[in-house]
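Since the model is a prediction, treat every value here as computed from it, not as a measurement.
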Amino acid sequence: MDPNTIVSSETGTPNRVKHIFSGSAWGILAKVLDALAKFVTIPMLVGFYGKADYGLIALAFSLNAYLRLMDLGFNVGAVRYFSMWTAASEWDKIGKVSRSSMVFYGVVGLLNAIIFLFMSAYGPQLFNLTAAQEPLYRQIMYILAFSTVLNWLSSVVIQLLSAKDELGYVNRVTVLSSILNFVVALLAIQLRWPLIPYFIAYTLTTLIPLPFYIARLRVFPLSRTALLLPRWDGSAFREILNYSLAIFLMGLFQLTANNLRPLLLGKFADGMEVLTDYRVIQTIAMLIVAFGGVFMQVLLPSSAKAYAEGNQQRIERMIFEATKYISIFLVFIVFVLILNADEILRLYMGAGYSKLSLWLSLWLLTVLLSMHNTPVASLVLSTGKTRFLVYSSAIACVVSLPITIVFAPSLQVGAAVVGYLVYIVLQIGFFYIYYIPKVLKLDGFRLFTRAFLPAAFGGVLTLFISRYVLHLLPVAGGYGMVIAGSAIFGILYMLYLLIFVVRPVDIRYLTDTLMGKGRGNA
C-alpha cells in the first residue's frame with residue numbers, strides 16, 4: 001500500500017482538510033487571475049473588434065461549453081474511481097482504465113470536431129449573423145474543430161492528477177495559461193491583429209498546460225506509457241461508465257440549462273450584441289462559478305474517500321465545515337461585487353453598460369445559492385446514488401428554458417438570468433427536500449440555518465450598512481468608490497463574522513490544520 005494515500009483515524013480529517021484548503025487556495029488563485037485577465041481584456045477587445053464581432057467569440061465559447069456534455073459524465077466518474085483505487089493502491093486497474101479513457105476521449109474529440117465542421121456549414125441558418133460575420137464565424141468553427149481533440153485528451157491527465165491530490169500543481173500550471181491569455185489579448189490590440197489570428201493564439205494558450213500535466217504523472221508508480229498509451233479494455237472501463245451514464249444524464253440537463261441559454265439569446269433576442277452583454281456579466285458572475293468548480297474539484301476525491309471509509313460522523317463534520325467556510329468566502333465575494341456593481345460595469349465597459357447591474361446582481365445571488373451546496377453535491381456524487389439527480393435536473397431544465405425563450409425579446413440578457421434563477425431554485429429545493437435528509441442522512445435544516453444562513457444574512461446586513469456609510473462619505477465615483485466600498489464592507493463583514501459566526505475554537509482548528517501545528521499533523 002502507498003503510505004501517502006492512506007490516513008489513519010487520527011490524522012485523516014486534518015490532512016484531508018489541509019488538502020482541500022491547499023488545492024482550493026491554488027485553484028482560487030488560478031481562477032482569480034483568469035477572471036482578472038478576462039475582466040481587463042474584454043472591454044479592450046470589445047472596443048477593438050466591435051460589440052457585434054466579439055459576440056461571435058462569445059457564441060463560440062458557449063457552443064464549446066455546451067458540447068462538454070459529450071463527456072457523458074465520465075469526468076466525475078473517473079475522479080471518483082481513480083481516487084478510490086489510488087487509496088487502495090490498485091495501480092493495474094488505474095492503468096487499464098486510463099488507457100481506455102484515452103480511446104474514449106479521442107473518439108469524443110473527433111465527434112466534437114465533426115460537429116464544429118457541421119456548425120460551420122449551417123450556423124448562418126441557426127443564428128442571427130450578418131453577411132460580413134459569416135466567414136469569420138466559419139473560421140472560428142474550423143479552429144475549434146482543430147483544437148478540440150487535444151482538449152478532450154487532456155481530461156484524462158487532469159483526472160489522474162486530481163485523484164493523486166495534485167490539484168495544487170494543476171492549478172499552478174493554469175496560472176501560466178491565464179497569464180498567456182492576458183498577454184495574447186494585449187498583443188492582439190497593440191499589434192492590431194484581425195479577429196481570427198487573435199482567436200488562434202488564444203486557442204493555443206489553452207493547450208500550453210498539457211505537457212506540464214503529462215510531466216507531473218511521474219507521481220504515479222506507473223510509467224506515462226502505461227497510463228496514456230491508448231488501449232481499449234472494455235471490462236475495466238465499464239465499471240466507471242455504468243456510474244458515469246447517470247452523471248451524463250444529469251449533466252445533459254445541467255449543461256443544457258446553463259449553456260443553451262446564450263445560444264437561445266442568439267436565436268430569439270436582437271442580434272449578436274446581446275451575447276456581448278451576456279459575456280460581460282457572465283465574466284464577472286463566472287468568477288464565483290469558477291470558485292465553486294474549484295471546491296468541487298478538490299472535494300470530490302476527498303468525499304469519495306470519506307464515503308468509502310463509511311465514517312458518518314467524519315462525513316457530517318466535513319460537509320458542515322466545508323459548507324460553512326465556503327459560504328463565508330463566497331458571500332464576501334458576491335456581496336462586494338453587488339455593492340460595486342454599477343461602478344464596476346461603468347469602469348469596466350462604459351456608462352452604457354451600467355444598466356446590466358440588476359441582472360449581474362441577480363446572477364451573483366443565484367450563483368451563491370448554487371455554490372453553497374458544493375460540499376453536499378460532491379458527497380452525493382461520491383455515493384453513486386444519482387438517479388433522482390437526473391429527474392430533478394430534467395424537471396428544472398424543462399421548466400427554466402422556456403423562460404429564456406419567452407422573455408428574450410423583452411428582457412434581452414435578463415431572460416437568461418431569470419431562467420437560470422428558476423433552474424437553481426428548483427435544483428437546490430430538490431437537494432434539501434430529498435438528497436440531504438434521505439440519501440445522506442444529514443440534518444438539512446441545521447446545515448442551511450447554521451452553515452449557510454449566518455454568512456448570507458451577514459452579507460445582506462453588511463451590504464445595506466455599507467451603502468448607507470458610502471452615502472455619508474465625500475467619495476466621488478470611480479475606482480475610489482469601489483475601493484472605499486470594498487474596504488468598508490470587508491471590515492464590517494469581518495467584525496460580524498468574529499462576533500456572530502466564527503468562534504475562537506474554529507480559528508484554532510483552521511490554524512492547526514492548515515499550518516500543520518495540530519496533533520493531527522504531527
Side-chain angles (χ1 to χ4, degrees), residues 1-8 11-30 74-102 104-105 150-177 207-231 233 236-237 239-240 293-306 308-309 378 382 513-514 516 520-521:
M1 302 289 278
D2 184 352
N4 293 324
T5 61
I6 303 298
V7 289
S8 70
T11 64
T13 300
N15 282 336
R16 185 163 292 145
V17 173
K18 190 170 184 177
H19 275 303
I20 290 171
F21 276 87
S22 175
S24 297
W26 276 108
I28 288 169
L29 176 61
F74 193 77
N75 184 62
V76 173
V79 172
R80 177 180 185 256
Y81 281 94
F82 283 157
S83 298
M84 294 190 297
W85 294 337
T86 297
S89 296
E90 297 185 55
W91 308 117
D92 183 61
K93 185 176 288 188
I94 288 176
K96 289 179 180 179
V97 174
S98 65
R99 291 194 300 270
S100 299
S101 298
M102 293 296 290
F104 169 75
Y105 279 115
L150 287 176
N151 275 322
W152 278 104
L153 290 175
S154 68
S155 300
V156 181
V157 186
I158 295 174
Q159 290 160 7
L160 290 166
L161 293 175
S162 299
K164 206 68 170 63
D165 290 325
E166 289 291 333
L167 279 173
Y169 176 84
V170 170
N171 289 319
R172 288 196 293 273
V173 176
T174 304
V175 170
L176 173 64
S177 180
L207 300 175
I208 291 293
L210 184 54
F212 293 94
Y213 295 155
I214 294 174
R216 191 64 172 184
L217 289 177
R218 65 179 181 271
V219 298
F220 282 87
L222 297 172
S223 68
R224 273 160 277 199
T225 301
L227 289 170
L228 301 180
L229 183 66
R231 182 179 178 183
D233 189 320
F237 189 81
E239 184 173 358
I240 291 181
V294 170
F295 295 135
M296 175 67 82
Q297 191 180 33
V298 176
L299 283 167
L300 184 56
S302 297
S303 297
K305 293 170 185 174
E309 292 169 3
S378 68
S382 298
T513 300
L514 301 182
N521 291 322

So, do [X] and [Y] sit near enough that their side-chain heavy atoms are less than 4.5 Å apart?
X: Ser101; Y: Phe237; value: yes
X: Phe82; Y: Val97; value: yes
X: Asp233; Y: Arg99; value: no
X: Ile94; Y: Leu227; value: yes
X: Ser98; Y: Leu160; value: yes
X: Phe212; Y: Leu176; value: yes
X: Leu217; Y: Leu228; value: yes
X: Arg80; Y: Trp85; value: no

Problem - Aromatic ring pairing Tyr105/Trp152, orientation class (parallel under 30°, perpendicular over 60°, tilted between) - result: parallel

Problem - Minimal non-hydrogen separation, Val173 against Pro209, with atom names - result: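 Closest heavy-atom pair between Val173 and Pro209: CG1-CB, 3.5 Å.
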
Exercise for the section: Search all heavy atoms of Trp91 against all heavy atoms of Leu222 and return the closest pair with its distance. Expected result: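 So the minimum-distance heavy-atom pair works out to O-CD1, 3.3 Å.
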
Practice task
Say whether Tyr81 and Thr86, considering side chains only, have a donor N or O and an acceptor N or O under 3.5 Å apart.
Solution key: no

Practice task
Using the side chain to side chain contact (heavy atoms under 4.5 Å, CB included) rule, take Val219 and Glu166 through it: C-alpha gap first, then chi angles, then the decisive distance, then the call.
Solution key: CA-CA 9 Å; Val219 298; Glu166 289 291 333; 3.7 Å; yes

Handout entry: Arg224 atom CZ, over 12 foreign heavy atoms within 6.0 Å
Key =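 Count over threshold, so yes.
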
